[in-house]
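Just below is one structure, and these are the notes that go with it.
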Amino acid sequence: ADFKIQKIEVEGNKRISFETIRSYLPVDIGDELTPSKVQEGIEKLYKTGFFRDVAFFEQGDGVLVIRVLERPSIADITIEGNELIKTEDMNMALDSLGVKKGRIFNDTQMDRIILDLRRRYQNQGYYAAEVDIEVTELPRNRVGLLIKVEEGKPASIGRITLVGNQTYEDDRLKSAMLLSESAMIGDSDKYAKPKLQSDIETLRSYYMDRGFAEFKVISSQVSLSLDKTQVFLTINMKEGPQYTISTIKFTGETIITQDELRGLLRIREGEYFSRSKIVATVNAIRDRLSEEGYAFAEIEPITNLDKDNRLVSLDFRIEPKSRVYVRRIRIEGNTRTKDYVIRRELRQFESAPYSLKAVRRSNTRLNRLGYFKTAKIDTDRISKDQVDLVVKVEEQSTGSFNAGVGYSQVDGVSFTLGVTERNVIGSGYRANINGTYSASTKSADVGVTNPYFTVDGVSLGGGLYYREIDAAELDVSSYTTNNYGIRFNLGYPTSEWSSLNYGLKFDDQTLQCVDDFLYCKNYTAEYGKHFNSVRYTMGWSHDTKNAFYFPTDGQSTSVSGELVIPTNSDVSFYKLFFNETFYQPLSDIFTLRLKGDLAYGDGYNGSKGIPFYENFYAGGIGTVRGYEPNSLGPRYDEATDGSDDPTGGRIRIISNAEVIFPMPFIEDSGNLRLSLFADAGNVFTDWNEVKLPEFRSSVGLGVSWITPVGPLSFSFAKALNYTDTDKTQVFQFNLGVAM
Amino acid sequence: CSLVEKDESEWTVKDFYEHAKDAYNSEQWESAIEYYEKLKAYYPYGKYAEQSYLELAYSYYRYDEPESAQRELEEFIRLYPKHSALPYAYYLRALSADSINKSWFDSWLTDPASRDMDSTQEAYNAYLELLSRFPTSKYSAKARERLIVLRNRMARHEYQVAEYYFKRKAYLASANRAKFIVETYPRSMVNIYALQLMRDAYQKLGMTQNAEDAQAVIDLNLARIEAQEKEDEN
Amino acid sequence: CSFFTPYKATITQGTVINQDALDTLQPGLVMAQVKDILGPPLGQDPYNPFHWEYVFYTTDPTFHPDAVRHMYVNFDREGFLTDWKILQREPHPGD
Amino acid sequence: CSSPKVVRVPAPLIEMSSPYQAHKDWQLQVDGFKYSDSEGLYFAKGEDTIYFGVPSGNITKALTQPQGRWTDQVVWQKKLNEPVVSGPTLYDDLLIIGTSKAHVMALSQKDGHIVWQTPVSSEVLSRAIVVEGQAYVRTVDGKLYSVNATSGKINWVVEHQLPNLSLRGIAPVTYDEGTLYVGWESGKVEALDAATGERRWQVQVIIPKGRTDLERMVDIQAALIMKGGRLFVLGYQGKLVALNPENGNLYWAKDISGFRDFLIDQQALYIVDEDDIVYAIDYVNGTQLWKQDRFKYRQLADPVFYGTNQILLADDLGYIHWIDKIDGTAVARVEVGSEYGTSDRIVRVNVAGKRIYVQDNDGFNTAYTIQPSDWYEFNHPEDPLGIIEQKDTP
């Protein structure tokens, strides 16, 4: 009779637990132990790879004893002699073969590892590479693996022979190829199979883009020199005739007009046949149809060759397929920002026709919010005519925060707190709370804005501010203004790219002069010290930048004005601001940035110019780098005015040109940019003073780093046409003004 | 534990486990994690390794690294398919997924329903798997409770989006979102509001028949709710 | 729109059905065929699967001005198209 | 498991007091273009003239006897605008060469002008074998062409499937009584009707082993030899086999792997294997007569017979060795490389009568004759090369 199991025991397992072994058994307590079950159990336990030997024993009164001999586990793996393939890549390769610290060692894997590693080397052209593994026994049934690699030299390229290229010389073709017969630097003379594949593709597109519609690489041969150190490549090609485009037509359901289709053509009749231009045309048509909602349109370029007179007629066959609709839009990754704060930026709606233009526009708007490190929109096809959109965002810190306690002999203990947050707990609100308290300065500024006061993006905000400064703290000039007041701002979009904004500020200001600053004294004598006013501002801006931090394309123009209507004095003046910033991608890493900035102020109904404390200043980061902050422009006359500080001016003109590029050599340089810049600008009291030599300029290197605490910028600048009275400053840094 | 500090590589599995357990009990999750990871590296199989998977996962959970906790638990489930502590493993995995979307503002200022639904869905599936595998485990009650909370959160999310589209006058989008709630989360708290929103959207769209059919269902629901309340009173 | 009026982003809803789609409608079509002609039934009555309402409206006057604004189709129990009615052909004023 | 091969250190020179020195009759460096042992270039010997091609495309006809001045050693030189990679082969009054731009060309022996030029599918890497007016050449993409040697018209072409990786260089075909024998890079030997190209039989002589392209290389790089009703085939990473030319059946096989051309005479086959060990094998039954491993890893060039019973071996370090055909012992040695300059690698060597022609890695073509060294004047040891008795006029 068969053996009925009452109890199961395991012997010899030091490392594998009873629990694990039991989980692989085909039998359990109470089952019949038939020979086939025993066989199955042994097989299963062997298949786990844990054991060198497995045996089943029946002991008296129903006890099934399983005796196992465990295989050793791998204690450590060391690799010697590998340069080409780094140790972590080696470990990853070993992982994929199941060879890792702690795993069970089984010697049959060793040959597989040697073979795999050798093939990895051969793939890189290291034909002479050798791999060997030494296994050393360690206590407690463990083993150590020493993988010895002898890389040898990679097979360098002996010769590349191109057969069949009549029209283009060997050298011209070889210069376009990755592989080359001799390379001073880099490894282009080292053979690797992937490089050959891509070179063949390069040759094909080189010819197919110059009219050779029937170009074919017939075959390619790779052979080794007898001592295996050199590789010889032969690429046999057949050029075929050079074709020019005879006619171009569009067939099938074109959806858009023939003229508009012709407008999308990247290739014209009479030009040489060019595969890349045809592909570019197909993409252009596909995008255009996608904008009409036909997201899965198929455009097939049919070429029929007239071999005798080397003409090819092009027929773009258009199959729009069904119009596509968006069913649902899912948002992922917003661990902080609320769903509607993202959804309200989208220009594509659910239960609506799909529009590529709307999706792309939505993507740009999300990137311009500045809430996300990355934002992209994927399309998830559900049926023939419906898609879901998946908005994937990666949050980043949207605030800058600084708090500190300082001490200086002059000022005693000072406390500062500064929090500006552009996405308060994910609600989309902008808020800032700043305060400093020290012996000489007490200031506070609290503000909040809701960019979406209305559903369509009318923004409303306001804030309170208070500032009281004891004299001579700022190094601008020896006077201070204490103000407090309240401000409101309202803005609304006037188009997809432009918006209008209005501001109203009720300001109470007192002017305090340092006693020996005569100019200030005379001013207060004439106009008094106390100025209350209503400041009304209005501005229009047009912005097509493609990102919040470090845009690489688009431009932004803003024109704004401030009208100051005095309530307790007749100091009435206005200020006008004009700013134009232009971004142009030079390549996929270099971006050109040009900026022009004009500020101008003057009095009205009777008063002349603007009060001296409202003057504009220039110098330092944000205006003209390389000069001490606010140090440019005319200065007071020590004798008559009692100070030689810069006066500032009621006209300020700044321009700067910059080439921006990511920090080289580090992978994730998402939040870091370098730039070579040239700044020029100055402040003037009157238009007639504005002459080119008067402009101060500098060139230098800028660094902009978006830290979790806010944008930080450094600059190393060399001032150019400075005079001896100018105060230059090579190194400057600033927290808060992004590039 | 052992007085003189032997060099770690000399430690037996017991030494590692004791160090880890001390740190675990005194809630120093960082050093607990360190010792458990070392124990698993040096003694990858056997009794202690089994136990340390679970305690390591719990330490990661309390150390607010839910993804690491999930990884350890999934490894444990794979290695010990019939282990007695599996229900706990599935439950802890669900808890970790549930904690990804947590934020301490939630109780008074913000609503998790307005944030990333991915992790909520993951937690929901984890609790579901626990219930389907171990319907009678001691965690099942708590799991059922969380399922209801999560289901309501997901419904609430749908409702918020439906409301948003209604405000933006995208009535068809709003109607279909509401319809999604009614079909997918019929027993959620927002179900009645979803019905009403759907009816309003259909009215705005001029789809009178859809609106009337929706109204009929609303009346039905309201009647049932009243009956329910009468019953609760007596 | 003039320089000062606030801009409202385009809102579009529903399916685009033009005249030649209408012309191909005929009774007896199966649901799948109607779906091919008119587009996905975004306005299907949740409580009566045989009654589909189709709407289309947009705030951009240049986007498919000729599309049908509101129509419905009905099917019998076996899912064959019985009747349809166009309730609104031109855009609502101020749509 | 295999321990990594130690770097292949060449065997030291054998202790011997060789009474000879190599006298340089004449030397031509065509245009400094490097020779490499991976091409099909060859010396073609007329009565008193010799022709050689250079990869740069330059063909030279030179006199074998040393002339007074170096310049009149050259009869004519012709520069083609395509690199020459195989030949020349003499036929009638033509020179047949193969270029890397997929052309088979025939030049006139008199003045080198191009008589005919035939385009083929790829690099013509094997030296042409001309039989009964047909020139048989092989291209690097696995094709065998039969071309009319006088007109250049293509008679027929056969194609063969190649492995991913093979050794550079292709063995010329072997002809015997109307049949062509081809050793393909795939390790297969095929017999074809010379007139029509139809296949008589095909046999997989060497089976590719292992998984990487490198391990699976099974080129038959050495030219096949037909003698005594047997077809001898030497395979790389394979074996030395004797086949029945009628049907390809195996007579015997020997575990020797090599890629150098090998020699045969009345008694034996003489083979230089992969590691530069020299074997003599009885060609009837395949038994090993002797083995000479004192030249291991010296990267020997293709061996050539010298005189009646010696074999000449030129190595990579600028030495020429002679071994005795009967027992393989080293009998003499001269140094050609060092004192004349930088030539470090002898790529090809050929013997005509007592004169030795050497092509080296720096593009030099040099003719030497062996003379008694001044050391010989004093102690008169024996003269294994038998050059001193005849004392032919220098």
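The model shown is predicted, which means the values in this text are computed figures rather than measured ones. Order of the sequence lines sets the chain letters (A, B, ...), proteins ahead of strands, with each chain counted from 1.
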Quiz item: In terms of heavy-atom pairs under 4.5 Å, which option from A:Arg347, A:Glu292, A:Arg323 contacts chain C the most?
Solution: A:Arg323
Exercise. First locate atom OG of A:Ser383, then atom NZ of C:Lys35, and finally report the distance between them rounded to the nearest 0.5 Å.
Key: 7.5 Å
Quiz prompt | Heavy-atom pair with the smallest gap, counting every atom of C:Gln13 and A:Glu350 | solution = NE2-O, 2.9 Å
Quiz item: Looking at OG of A:Ser499 and OH of C:Tyr7, how far apart are the two atoms once the value is rounded to the nearest 0.5 Å?
Solution: 12.5 Å
Quiz item: By a 4.5 Å heavy-atom criterion (distance strictly below it), what part of A:Glu496 contacts chain C: side chain, backbone, both, or neither?
Solution: both
Less than 3.5 Å apart, which donor and acceptor atoms pair up between the side chains of residues 351-359 of chain A and the rest of the protein, not counting sequence neighbours?
unit_1: A:Ser351; atom_1: OG; unit_2: B:Asn176; atom_2: ND2; d: 2.8
unit_1: A:Ser355; atom_1: OG; unit_2: A:Lys357; atom_2: N; d: 3.4
unit_1: A:Ser355; atom_1: OG; unit_2: A:Ala358; atom_2: N; d: 3.0

Exercise. State whether the number of non-hydrogen atoms from other residues, nucleotides or ligands found under 6.0 Å of A:Phe453 atom CZ is greater than 12.
Key: no
Practice problem: Enumerate by number any residue of residues 79-87 of chain C whose heavy atoms lie under 4.5 Å from heavy atoms of chain A; in the absence of such residues, state 'none'. | Solution: none
Quiz item: A:Tyr325 and C:Gly14: which non-hydrogen atoms are nearest, and at how many Å?
Solution: CE2-O, 3.4 Å
Quiz item: Salt bridge or not for A:Lys384 and C:Asp36, using N-O below 4.0 Å?
Solution: yes
Practice problem: List the atom of A:Phe349, the atom of C:Thr10, and the distance in Å for their closest heavy-atom pair. | Solution: CE1-O, 3.5 Å
Self-check item: Between A:Leu500, A:Asp456, A:Val458, the one whose heavy-atom pairs under 4.5 Å with chain C are most numerous
Solution: A:Asp456
Quiz item: Does any heavy atom of chain C fall under 4.5 Å from the side chain of A:Gln348, the backbone, both, or neither of them?
Solution: neither
Practice problem: Answer yes or no: does atom OH of A:Tyr429 have more than 12 heavy-atom neighbours from other residues, nucleotides or ligands under 6.0 Å? | Solution: no
